[in-house]
**Q** 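The structure under discussion is supplied below as C-alpha cells; questions concerning it will follow.
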Amino acid sequence: MSAFYDHRTIEAKWQAYWEQHGIFHVTEDPSRPKYYCLEMFPYPSGRIHMGHVRVYAIGDVMARYKKMRGYNVLHPMGWDAFGLPAENAAIEKGVHPSTWTQENVAYMKGQLKRMGLSYDWSREINTSHPDYYRWNQWLFLKMYERGLAYRKRSAVNWCPSCETVLANEQVLTHEGDGAGVCWRCGTVVVQRELEQWFFRITAYADQLLDGCDRLTKWPARVLAMQRHWIGKSHGVEIDFPLAEPVGEYRAIRIFTTRPDTIYGATFMSLAPESPLVEALIQGRPEAEAVRAFVARTSRLDKAARLAADREKEGVFTGAYAVNPFTQERIPIWVANFVLYEYGTGAIMAVPAHDQRDFEFATKYGIPIRLVIQNPEGTLSEATLNAAYEAEEGILINSQQFSGLTVQAAQEAIGHYVEQQGWGRRTVNYRLRDWGISRQRYWGTPIPIIYCEVCGIVPVSEQDLPVRLPEHVPFTGRGGSPLQDVTEFVQTTCPRCGSPARRETDTMDTFVDSSWYFLRYCSPQATHAPVDEKAASYWMPVDQYVGGIEHAVLHLLYARFLTKVMRDLGLTTVDEPFVNLLTQGMVTKETYWCDEHRWMHPSEVVKTNGKLRCRHCQRLITVGRTEKMSKSKKNIASPEELSDRYGADTARLFSLFAAPPEKDLEWSDSGVEGCYRFLNRIWRLVMDMVPQCSVPHSSPDRSSTTPSANSTARVRALQRATHRTIKKVTNDLEHECQFNTAVAALMEFVNELYKILGEDKALSSPEEAEAARQAIHSLILMLAPFAPHLAEELWARAGQSPSVAGQCWPSFDPQLATSEEWIIPIQVNGKLRSKLIVPAGSSREEIIARARQDSKIAEWLQGREPRKIIYIETKLVNFVV
RNA sequence: GCGAGAGUGGCGGAACUGGCAGACGCGCGAGACUUAGGAUCUCGUGGGAGACCGUGGGGGUUCAAGUCCCCCCUCUCGCACCA
C-alpha cells in the first residue's frame, strides 16, 4: 500500500460531492437552533494568501463542528468588491475595474472552493453589484431623512496618492515618526478643506460606548480600543468674556474636565485654526507675529504637529479675557498643542495643574497659581517643578470654594457655572462624524442631486439604484472620474425638473461592509436590504472571525449601522456580533542576501547546514520573523501548499501551529508533520477497514458498558476514545482551542497504534466493536479539521456520506476514566515516588500503601509525618 | 506617558478551580526495514556526573506556586498634547 494518500483525487471528489448534493445549503428552519458563523469577507485582490487560509480554516472548523452538533448553520461568503486597487488597475493597465474585479473574484472563488470550505455559495454577495449597492443608497436616503447623513464643509484628511478623502479611523499612525498615514497605501495624509457627506455616528456615541459593556465575548483589547476611540469625557463649557469684545465675538468658550481648577487659570489658549484668532489680532501690534506663527504651524501636517514630544509653542495675541470667577484679566495666547476639532478649540490654561500648560507657562514666563493642595500639604508655588494633576486634595486660593475636595469642587463649581449662566455641564467625545465621501469611481454613487433651484435633493427611492456609468475615463488625476461623465452628471431635479447635476463622489467602501452580514440573511431580497423575518431568524452573528486591524474601523462602523438599521425596523438586534475572534498574523522568518536583498524561501538553499543564496552563493542572514509580505518576500503560497500536501494539510497546520488569536509562525517542517499525521490516520483506518465496516452507531453507553470480561484492550480502546471525545469537544465548545484539539487527535492516533499493535488483529467481537467505535469517532472528530480525508475514510469504512452531516460523537464520562489512579507521592513537597492504585481507593488505603513504598520509607526514615496532605486522585504529600 | 497582552526546552507551543512542568508537533539522537532513504516504523530527547537545579529577575503566602500577592526587568500591540 502506498505510504501517501492521494489528496488530489480525494479532495476534488468530495468538493464536487458537497456541491452536487447541496450539503451546505441552508434555509430558515424554526425547528432547529441556528448558528451564524461568519468570517470577514475578502477584498478580491487577486489571490488568497496565508492569512486568508488561516481565518477561513478557523471559521470552517466552527461551522462544521456546529453543524455536526445539530445546529442549522449559516456560513456565507462574498466579496468586498469596491475599492481602489481595481481603479488603479484600470489606470495602469487599462482594464475596467469591473472586469478586473470579476476576474479576481472568479479566481479566488476557485481557490476558496479548493480549500473545502463549507459555504452556502447560493448566498454569495458582491458589493459592487447594483443589487447590493442600491441598498447602500437606500440606507443613505433613510439616514438623510433622519438627519443621520448630512453635508458640511470641513477640514478633512486627504491622501495625495489615493487622491481621496479618508475618515479619521482610516488615518493610521506611522511607526517611525508618528505621522498620520493612509490605511491603504501608507502615504502621509494632509489636511484639506472640502464639502463632504457625513454619517452622524456621534448620535450613537453613547449607545456604542454602553454596548461595549455587553460585548462580554469580545477580546478586551478591541473593546478598550473602541472605548478610547469614542473617548467620552464629562466636563463643563464655560464662557470667558473678552475684555474688549470684537464684532460678534463677546467671549471665548472653553471646555474643561477640571472646573475645580478655574481659580488657577492664568491664561487662555486658542487653536491656531480658530477664526477667533484673526478677529482678536486685528489692528494690534502682535498681529504679524501671530499670523506668522499660525502659518508656520498649519504648514506642518497634523500628526507632526501633534507628536507628543513636540515642544509646546505659542504666541501672545495682545488680547485679554476675563475669568468670570475672579474678574481677573488674563492673556489670550495661540498654542500649537490646542486642537481645533476637540471640545471648543480653546482652553483655559491652568499651569499648576496641567502639565502642558505648566510647560507652556514656564517657557513664556506666565504666572503659575496653585489652587489644589495635595493631601500631605507639601505643595508650594515656589517649589513646583511639574503640574500637580492628581485629583486628590483640597482647594486653596479659590474664594468660597476653598477647603472643598476636588470632587466636591467639581460638582459645586459646575453647578455654580450653570446658576450664573456662564456655561453648562456637558459631555465631550473624541469620536467625530464619519466622512463617507470619496473622490473615486469604483464605489457606491451617493444618491444626491444638486438642483439649481431646490439645492440638495435626494434621489427618489424608486429611481434606485443610481448606477455607475460604465464608460469612464481613467486618468488617475484630479478627483472622481465621474465628474467627466456628462450623461451621469447632467440630470434634472426630481422635485422641480430644473437642470441639475449629480453628486460625483462615491461612498467609502466601509459602508458596504458595515451591513453585509445582514444581507447574507436574505441575499436576494428585493423589497429591502434585508428581509426582516430572515434577519430575525439568523441574526445576530454567533461567531465572527477576522483580523485585529479592524478593531476600530469595520467593527465600529458595523455596530453603528446595525443600530441604525435596528431603528429603521430592519433588525431587532443591538449588536451584530456576539463572539468575536481576532486571529493573529501569519509570520515567517525573513532571508537577506547582501547582493540580492530580501530573498524568497525558494531562492535560499541549504548546504552543510548553512543557508546560501541560490544566485550568488553568499551566506544568507536570517532576519526576524515578521508578517508575511511581498516586500520582505517571506511568503508561503497557499497554492503550492495545496498542490503538494492538499487543502486538509494546509487547514490542519493553520489550526495546529498556534492558538487562533496569536501569531502563527510558518514552518515548512511543521506542515510536513501535519501531512505525516494525516497519512498516519489514512494507514490506520485502511488497515482497520476490513474489521470496521459495519453500520455506524453512535458510541452510546448502552452498547459499551464495560462488562466483567472486557479485555484490557477493549477498555484501553474505550478509554482512549471517550477521553479524546471529551477533550476535543471541550476545546471546540468552550475555548476555540483548535491547536490543543488537534494535539488530542494526534495523541489518540498514537495511542491507537500502540493498542492495536503491528498486526492490528482483533480477537473478539467486543474488541472489534471497540475498535470500530474508536475508528468511527476518529473520523468524525477529524471531519471539521480535514473534511476531505474524513469523507473518504468514512466512505471507505463502509458508511454512507456525508460525514459532514453526521452527529458529533458523544462521550461517556465513565468510559473516559481509568480503572487505575497514578498517585504521585511527595515528601516535603518533593516528588519521591508514584503509586498505582485501583480507582476509588480510600485515603487510608492509599496512605498506607504509600508508607510501604520502599522509596518513601527511605525518605521518611521511620519518622512520623507532622502532616499528611491527601488530594483525591491527585497526590499524597508527607510533611516531616 | 496611558491602555491591553506576553516572557516556559534547540524551535512552535501544552498545563482545568494552586497539586507529577514541558502534552502535541518540529528538530535532534539511536535502532528496525531497506540497493538507497530526505519514505515508514520503534525507542529516546529540559539541564547536570551527581546531591540536585529548572517556567524573565527579586521577595512573599502555602504542605505545595508557571498558576495567588508585592516590587522590578524585557518584549509586542494599540493610543498618544483630547483640555
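Each chain gets a letter, A, B and so on, in the order the sequences are listed, and its residues count up from 1.
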**Q** Would a line drawn from the ring center of A:Phe267 to the ring center of A:Phe360 be shorter than 6.0 Å?
**A**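 For A:Phe267 and A:Phe360, the ring centres are under 6.0 Å apart.
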
**Q** Any base atoms under 4.0 Å from A:Gln737, or only sugar-phosphate, or nothing? Heavy atoms, all strands.
**A**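 A:Gln737: backbone/sugar contact only, no base atoms under 4.0 Å.
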
**Q** What is the distance, rounded to the nearest whole Å, between atom CD of A:Gln410 and atom C1' of B:A83?
**A**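 For the pair A:Gln410 CD and B:A83 C1', the rounded distance is 13 Å.
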
**Q** Roughly how many Å apart are B:G59 and B:U17, using the C1' atom of each and rounding to a whole number?
**A**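 Here B:U17 and B:G59 have their C1' atoms 26 Å from each other.
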
**Q** In this structure, how many angstroms lie between the P atom of B:U40 and the OH atom of A:Tyr753, rounded?
**A**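 Nearest whole value for this atom pair: 11 Å.
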
**Q** To the nearest angstrom, how far is A:Arg866 atom CZ from B:C63 atom C1'?
**A**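 The answer, rounded to whole Å, is 8 Å.
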
**Q** What's the gap between B:A23 and B:G12 when it is taken at their P atoms, as a whole Å value?
**A**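 Roughly 15 Å separates the two P atoms.
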
**Q** C1' atom, B:A80 versus B:G1: distance in rounded Å?
**A**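 Each nucleotide's C1' atom is 8 Å from the other's.
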
**Q** A:Lys312 and A:Lys363: which non-hydrogen atoms are nearest, and at how many Å?
**A**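 Result for this residue pair: O-NZ, 3.2 Å.
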
**Q** Whole-Å distance between B:C2 P and A:Glu389 CD?
**A**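 These atoms are roughly 11 Å apart.
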
**Q** For atom C1', what is the distance between B:U34 and B:C11, given to the nearest Å?
**A**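 Roughly 31 Å separates the two C1' atoms.
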
**Q** 5'-most contact on RNA chain B: A:Thr257 or A:Lys830, nearest heavy atom basis?
**A**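 Upstream on the strand: A:Lys830.
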
**Q** Taking only the P atom of each, what is the distance from B:G47 to B:U74 in whole angstrom?
**A**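 These two P atoms come out 30 Å apart once rounded.
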
**Q** Can you name the residues that form a ring-ring contact (aromatic ring centres under 6.0 Å, His included) with A:Phe748, not counting sequence neighbours?
**A**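 Testing A:Phe748 for ring-ring contact (aromatic ring centres under 6.0 Å, His included), a comparison that skips the adjacent residues, returns none.
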
**Q** At less than 4.0 Å, is any side-chain N or O atom of A:Arg356 found next to OP1 or OP2 of B:C82? Yes or no.
**A**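 Checking B:C82 against A:Arg356, a side-chain N or O does come within under 4.0 Å of OP1 or OP2.
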
**Q** Would you say the rings of A:Trp333 and A:Tyr364 are close, in the sense that their centroids are separated by under 6.0 Å?
**A**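 Yes, ring centres under 6.0 Å apart.
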
**Q** Once Watson-Crick and G-U wobble pairs under 3.5 Å are found, how is RNA chain B written in dot-bracket notation, 5' to 3', with | for any base paired to another strand?
**A** (((((((..(((......[....)))((((((.......))))))((....))..(((((..]....))))))))))))....

**Q** With rounding to the closest Å, how many angstrom separate the P atoms on B:G10 and B:A6?
**A**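 Those two atoms are separated by 23 Å.
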
**Q** Could you go through nucleotides 16-26 of chain B and list every protein N or O atom that sits under 3.5 Å from one of its N or O atoms, giving the distance for each pair?
**A**
{"from": "B:C20", "atom 1": "O2", "to": "A:Lys834", "atom 2": "NZ", "distance (Å)": "2.2"}
{"from": "B:C20", "atom 1": "N3", "to": "A:Lys834", "atom 2": "NZ", "distance (Å)": "3.4"}
{"from": "B:A23", "atom 1": "O2'", "to": "A:Glu747", "atom 2": "OE1", "distance (Å)": "3.1"}
{"from": "B:A23", "atom 1": "O2'", "to": "A:Glu747", "atom 2": "OE2", "distance (Å)": "3.2"}
{"from": "B:G25", "atom 1": "OP1", "to": "A:Asn750", "atom 2": "ND2", "distance (Å)": "3.2"}
{"from": "B:C26", "atom 1": "OP1", "to": "A:Arg676", "atom 2": "NE", "distance (Å)": "3.2"}
{"from": "B:C26", "atom 1": "OP1", "to": "A:Arg676", "atom 2": "NH2", "distance (Å)": "2.7"}
{"from": "B:C26", "atom 1": "O2'", "to": "A:Ser669", "atom 2": "OG", "distance (Å)": "2.9"}

**Q** For B:G56 versus B:G9, give the span between their P atoms, rounded off to a whole number of Å.
**A**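 The same atom, P, in both gives a distance of 8 Å.
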
**Q** Hey, does the side chain of A:Arg430 come within less than 4.0 Å of B:A80's phosphate (OP1/OP2), counting only N and O?
**A**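 Affirmative; the distance criterion is met.
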
**Q** Could you walk me through whether A:Asn336 and A:Thr297 pass the side chain to side chain donor-acceptor pair (under 3.5 Å) check?
**A** CA-CA 7 Å; A:Asn336 64 348; A:Thr297 310; over 6 Å; no

**Q** Has the side chain of A:Lys312 got a donor or acceptor atom sitting under 3.5 Å from an opposite partner on the base of B:C81?
**A**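 Per atom types, the contact qualifies.
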
**Q** Sub-3.5 Å donor-acceptor pair from the side chain of A:Arg849 to the main-chain atoms of A:Val837, do we have one?
**A**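 No; judged by distance alone, with no hydrogens or angles, the pair does not exist.
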
**Q** With respect to the side chain of A:Tyr342, which nucleotide from B:C41, B:C82, B:C81 is positioned closest?
**A**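 For A:Tyr342, the side-chain atoms sit closest to B:C82.
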
**Q** Between B:C41, B:G78, B:A83, which nucleotide has the shortest distance from any of its atoms to the side chain of A:Arg683?
**A**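 Comparing B:C41, B:G78, B:A83 against the side chain of A:Arg683, the answer is B:C41.
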
**Q** Test salt bridge (Lys or Arg N to Asp or Glu O under 4.0 Å) on A:Glu747 and A:Arg723; report intermediate values, then the result.
**A** CA-CA 11 Å; A:Glu747 224 171 326; A:Arg723 208 161 43 195; over 6 Å; no

**Q** If each of A:Gly343 and A:Arg221 is mapped to the nucleotide of RNA chain B with the nearest heavy atom, which maps nearer the 5' terminus, i.e. the 5' end?
**A**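 It is A:Arg221 whose nearest nucleotide is closer to the 5' end.
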
**Q** May I ask you to check whether A:Tyr675 and A:Phe4 place their ring centers less than 6.0 Å from one another?
**A**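 Judged by ring-centre distance (under 6.0 Å), A:Tyr675 and A:Phe4 do meet the cut-off.
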
**Q** Need one value for A:Pro659: base, sugar-phosphate or nothing, where a base atom within 4.0 Å counts as base even if backbone is also close, heavy atoms only.
**A**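 Sugar-phosphate, backbone atoms only, no base.
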
**Q** Find the distance A:His353:NE2 to B:A83:P and express it as a whole number of Å.
**A**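 Distance check: A:His353 NE2 to B:A83 P gives 17 Å.
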
**Q** In terms of side-chain heavy atoms, does A:Asn750 have a donor or acceptor partner in A:Arg680 at a distance below 3.5 Å?
**A**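 Side-chain D/A pair, A:Asn750 to A:Arg680: present.
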
**Q** With the 90 degree cut-off around zero defining syn, does B:G10 come out syn or anti?
**A**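 Because its glycosidic torsion lies more than 90° from 0, B:G10 adopts the anti conformation.
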
**Q** In whole Å, what is the span from the CG atom of A:Asp663 to the C1' atom of B:C11?
**A**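 Going from A:Asp663 (CG) to B:C11 (C1'), I get 16 Å.
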
**Q** Find the distance A:Glu661:CD to B:A6:C1' and express it as a whole number of Å.
**A**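 Taking CD of A:Glu661 and C1' of B:A6, I get 12 Å after rounding.
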
**Q** Knowing that exactly one of A:Asn385, A:Ile368, A:Asp357 qualifies, which makes a side chain to side chain contact (heavy atoms under 4.5 Å, CB included) with A:Thr362?
**A**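 Result: among A:Asn385, A:Ile368, A:Asp357, A:Ile368 is the only option passing the side chain to side chain contact (heavy atoms under 4.5 Å, CB included) with A:Thr362.
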
**Q** Quick one: which of B:C81, B:A4, B:C79 gets closest to the side chain of A:Ala220?
**A**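 It is B:A4.
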
**Q** If you take all heavy atoms of A:Val61 and A:Leu655, which pair is closest and at what distance?
**A**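 Shortest heavy-atom contact: CG2-CD1, 3.4 Å.
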
**Q** Which part of the nucleic acid does A:Thr344 contact within heavy-atom distance under 4.0 Å: base, sugar-phosphate only, or nothing?
**A**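 Here A:Thr344 touches no strand at all.
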
**Q** Given atom CH2 of A:Trp229 and atom C1' of B:G78, what is their separation to the nearest angstrom?
**A**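 Distance, rounded to whole Å: 11 Å.
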
**Q** When you compare B:U76 with B:A36, how far apart are their C1' atoms, in angstrom units rounded to a whole number?
**A**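 Result for the C1' pair: 48 Å, nearest Å.
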
**Q** Assess the pair A:Phe325 and A:Tyr263: is the distance between their ring centroids shorter than 6.0 Å?
**A**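 Close enough - the centres of the two rings lie under 6.0 Å apart.
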
